[in-house]
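Counting starts at 1 for both ligands and their atoms, following the listed order. A quick note: this is a predicted structure, and the numbers were derived from the prediction, not measured.
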Amino acid sequence: MINFSLKGHESKKFFDPDQAIWKGESGELLDINVSSNLNLSKLDENPHGLWRYRGVIPIINDNNIVTFQEGNTPLTEVILPNNKLVWIKQDHLFPTGSYKDRGASVLISKAKELGVSKIIQDSSGNAGAAIAAYAAAANIPCEIYLPEETSLSKIVQIEAYGAKIIKVPGSRKDTAKRALMESQNSYYASHSYNPYFFQGTKTFAYELAEQLNWNAPDILVIPAGNGTLLLGCYIGFHELVQQKIIQKMPKLVAVQSEKCSPLFHYFHDQNFNMNLYEPSETIAEGIAIPNPVRLSQMFQAIKKTGGDVVLVSDSEIIEAWKYISRLGYFIEPTSAATIAGLINYSNNLDPNLKIASVFTGSGLKSIDKIQKILGQTNIKL
Ligand SMILES: Cc1ncc(COP(=O)(O)O)c(C=O)c1O
């Protein structure tokens, strides 16, 4: 039996977890606190993959679990161009080609458990593909709102899973606004609002810690758009420390594109006003989120771990992508942004520090953009 509570982020009020809600009445964000512990001695009775950590995932009945046996992604050693050795989790190898499957597996399992009859979601592509795939597996009708400029491969993938696609003219912000409006009448399987998504992305921390013999790395470099991986990692490592399975939190270092960097500004400038922030287009479409709803939570997670936020340019992203491709990994440009940040950040670090990071998305998702990088002409985003 898993013990957990659903709580208002500001009001700290408790909500009934048997209700199909994703926000409080006043619109406030909800958080989940799991108080169950992982029984390490029984872990090998569970399958490999993210449901191995079933004991801390807030799904009540096993029959509701929607899974493709995903997770347990390889952790490989990579030598960066500055000769630093880092550990990289290959989350681009998930069934739908990105780490978003972690969140989708748990969120859609919860939607099934709650008897939800239709879900909607908005995405820059990868979260939409993950939600659409798991919704198909659970046989729940699904609508995905996408910005018009979304990579063609992501649109095709979502369509293939049978989801209804609604292309929204304008920016990523306009897509989010439209989905929020439509969400009044449907279950909003949002990866930024819905707290169950983060209960899936937290398994990244459990897997990484187990792969390091129940230790945290000293530094974990991750991308930050809506912060679903960042906050998932914070939740997961925090739970592991509370359970005394690991001794300390890793420093969380977030990477943003210099063309869209609200977290960077919020972190480094007390007077930053997100509502006035005007981003420009970047090749890293997945992290181009100008108004992340959990911005202050992301800030707190980084601050509490003594971490930082770093910026990368599009040309650094392209250089990092080329370097990683020549090592034999096929990742999408958004994913290479994290590696560009990792290279910059690791330049002056003590070589004894254990550094970990992630490949978040497969190159197969962004063939159109990659073709332009390879052609090197006219990189229109
Ligand atoms: C490949 C890839 N990397 C990173 C991110 C950023 O993720 P988050 O919104 O969890 O910060 C995304 C989001 O869509 C993505 O698609």
Side-chain angles (χ1 to χ4, degrees), residues 73 88-94 96-104 107 121-132 144-147 149-151 153-155 157-158 172-173 175-176 190-195 197-205 220-236 252-257 260-264 282-295 297-299 301-302 309 312 317 320-321 324 329-342 357-366 369-370:
T73 52
I88 300 203
K89 248 180 110 49
Q90 295 186 47
D91 270 24
H92 64 307
L93 300 180
F94 267 97
T96 79
S98 88
Y99 75 96
K100 303 274 187 186
D101 289 1
R102 294 185 184 278
L107 195 157
Q121 207 248 18
D122 60 295
S123 167
S124 62
N126 280 333
I131 290 289
I144 307 285
Y145 290 78
L146 295 171
E149 295 303 315
T150 305
S151 283
S153 355
K154 295 178 187 174
I155 300 176
Q157 186 184 13
I158 294 169
R172 176 70 183 85
K173 206 166 164 178
T175 307
S190 161
H191 52 296
S192 46
Y193 283 96
N194 198 306
F197 199 87
F198 301 86
Q199 292 298 310
T201 52
K202 80 177 183 186
T203 60
F204 182 94
L220 178 57
V221 180
I222 32 189
N226 273 308
T228 63
L229 189 58
L230 172 67
L231 292 173
C233 285
Y234 181 82
I235 295 168
L252 296 179
V253 176
V255 181
Q256 295 210 295
S257 157
C260 185
S261 42
L263 179 62
F264 176 86
T282 164
I283 193 166
E285 63 181 359
I287 49 172
I289 309 292
N291 54 343
V293 292
R294 293 186 186 259
L295 186 65
Q297 274 179 289
M298 291 157 75
F299 168 82
I302 294 168
V309 187
V312 290
I317 294 172
W321 179 86
I324 292 299
Y329 299 99
F330 194 46
I331 59 173
E332 66 172 292
T334 296
S335 206
T338 310
I339 306 309
L342 175 64
S357 189
V358 57
F359 293 149
T360 47
S362 162
L364 295 172
K365 300 288 200 125
S366 289
K369 289 199 171 74
I370 289 173

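- In this structure a side-chain-to-backbone donor-acceptor pair under 3.5 Å is present from T203 to G200.
- Listed by chain and number, the residues in a ring pair (Phe, Tyr, Trp, His ring centres under 6.0 Å) with F299 are Y266, F267 (sequence neighbours excluded).
- Annotation: side chain of L342 is in contact with side chain of I88 (closest heavy-atom distance under 4.5 Å).
- Protein residues having a heavy atom under 4.0 Å from any atom of ligand 1 are Y99, K100, S124, N126, P223, A224, G225, N226, G227, T228, L229, G286, I287, E332, T334, T360, G361, listed by chain and number.
- Between D91 and K100 there is no salt bridge, since no side-chain nitrogen of the basic residue lies less than 4.0 Å from a carboxylate oxygen of the acidic one.
- Residues that satisfy the salt bridge (Lys or Arg N to Asp or Glu O under 4.0 Å) test with K154, not counting sequence neighbours, are E285, E332.
- For the ring pair (Phe, Tyr, Trp, His ring centres under 6.0 Å) test, residues two or more places apart in sequence or in another chain that qualify with Y329 are F359.
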